[in-house]
Amino acid sequence: MEIKTAEFVKSSAVFKELPPPNYPEYGFVGRSNVGKSSLINRLCNRKSLAKTSSTPGKTQLINHFVIDESWYMADLPGYGYARVSKKKREGFSGMILDYVTKRENLLTVFVLVDSRIKPQKIDLEFIEFLGVQGVPFTIVFTKIDKPTQKEYSQNQRAFKQALRAQWEELPPMMHTSSITGKGVPALLDYIEATNPLFTR
Ligand code: GTP
Ligand code: MG
């Protein structure tokens, strides 16, 4: 699948401001700076559709994009950003929790995980929360252009091991680089295969 058009719809600060749930939707969630906005841009083949930044915590709102006039991508604020208030840091913002549990047109949450580093508690907690709530999700390892082969496989092994403590069967996993584009066609194919618009 190739995306032909991608347009910004709106930014929402709270659940009730979200655009009407009239299209199938994929949400991009993960720690601050993991590469959510960059991946959305790369998937859409657009340089600056979603705002990216080397300063974590850039996206504090949920940004919706309509793709090919028929489905949504939602760029969520990052979690685990140390500069937000202490209280907020303890958990996930109400907006993220509301979004993943209440957004009725949400097909899959893409949980982005930094492939360069060891498994992070906050990612595992978020994944566990999705599991408990029964929210469908797929893990997307990002920035695969960065780690050495050795680091990459070590981190993968450790992450899978940590997941096995929670899950009998491992959830679906994808691997991407928004710099080289590696894994991006596979992710688009995955979206195509799971979006009822295309499989009907
Ligand atoms: P927040 O909105 O702040 O939560 O961040 P985000 O998850 O949207 O991350 P963003 O896409 O803004 O990227 C953060 C930084 O990582 C930027 O400096 C990007 O250039 C860089 N980055 C994103 N994806 C990749 C990647 O695949 N490879 C490498 N090497 N860098 C990346
Ligand atoms: Mg962002």
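All heavy atoms count here, side chains included; hydrogens, waters and symmetry mates do not. Atoms within each ligand, like the ligands themselves, are counted from 1 in listed order.
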Exercise. Is there an N/O/S atom in Ser32 that lies less than 2.8 Å from the Mg ion (ligand 2)?
Worked result: no

Exercise. Which atoms of ligand 1 sit under 4.0 Å from any heavy atom of Lys146?
Worked result: 30 (N)

Exercise. Where does Val34 meet ligand 1, judged by heavy-atom distances below 4.0 Å: at the side chain, the backbone, both, or neither?
Worked result: both

Exercise. Would you say Asp145 has any N or O atom under 3.5 Å from an N or O of ligand 1, going by distance alone?
Worked result: yes

For this session: Please tell me if the side chains of Arg31 and Asp114 come closer than 4.5 Å, counting only heavy atoms from C-beta onward.
Result: yes

Problem set entry | side-chain hydrogen bond (donor to acceptor under 3.5 Å, both in side chains) evaluation trace for Glu125 with Tyr79 | CA-CA 11 Å; Glu125 279 172 6; Tyr79 55 70; over 6 Å; no

Exercise. Applying a 4.0 Å heavy-atom criterion (strictly less than), which segment of Lys36 is in contact with ligand 1: side chain, backbone, both, or neither?
Worked result: both

Problem set entry | Element-labelled atoms of ligand 1 that are located less than 4.0 Å from some non-hydrogen atom of Ser38 | 10 (P), 11 (O), 13 (O), 19 (C), 23 (C), 24 (N)

Exercise. Between Thr176 and ligand 1, is there a nitrogen or oxygen pair with a distance under 3.5 Å?
Worked result: no

For this session: Examine Asp75 against ligand 1 and note whether any of their N/O atoms are separated by less than 3.5 Å.
Result: no

Exercise. Would you call Glu25 and Arg103 a salt bridge, using N to O less than 4.0 angstrom?
Worked result: yes

Seminar exercise, completed: Among Asp114, Leu76, Ile40, Asn33, closest by heavy atom to atom 15 (C) of ligand 1 is Asn33

Exercise. Within the distance-only criterion (no hydrogens, no angle test), does the side chain of Ser38 pair as donor or acceptor with the backbone N or O of Gly35 below 3.5 angstrom?
Worked result: no

Exercise. Are there more than 12 heavy atoms of other residues, nucleotides or ligands under 6.0 Å from atom NZ of Lys10?
Worked result: yes

For this session: State, with a plain yes or no, whether a side-chain heavy atom of Tyr72 is found less than 4.5 Å away from one of Pro24.
Result: no

Problem set entry | Reported OG-to-CG distance for the pair Ser178 and Leu43, which is rounded to 0.5 angstrom | 7.5 Å

For this session: Considering the heavy atoms of Gly35, write down every atom of ligand 1 situated less than 4.0 Å from one of them.
Result: 6 (P), 7 (O), 9 (O), 10 (P), 11 (O), 13 (O), 23 (C)

Exercise. Against heavy atoms of Gly78, which atoms of ligand 1 measure under 4.0 Å?
Worked result: 4 (O)

For this session: Please confirm whether Gly30 comes under 4.0 Å of ligand 1, counting heavy atoms of the residue only.
Result: no

For this session: Can you sort out which atoms of ligand 1 are near Ser177, meaning under 4.0 Å from one of its heavy atoms?
Result: 27 (O)

Let me check something: any side-chain donor-acceptor pairs from residues 134-147 under 3.5 Å, sequence neighbours excluded? List them with distances.
from	atom 1	to	atom 2	distance (Å)
Thr138	OG1	Tyr190	OH	2.6
Thr142	OG1	Val34	O	2.8
Thr142	OG1	Val113	O	3.4
Lys143	NZ	Asn33	O	2.7
Asp145	OD1	Ser177	OG	2.8

Exercise. For ligand 1, is there an atom lying under 4.0 Å from some heavy atom of Thr142?
Worked result: no

For this session: Could I get the full list of side chain to side chain donor-acceptor pair (under 3.5 Å) partners for Ser70, not counting sequence neighbours?
Result: none

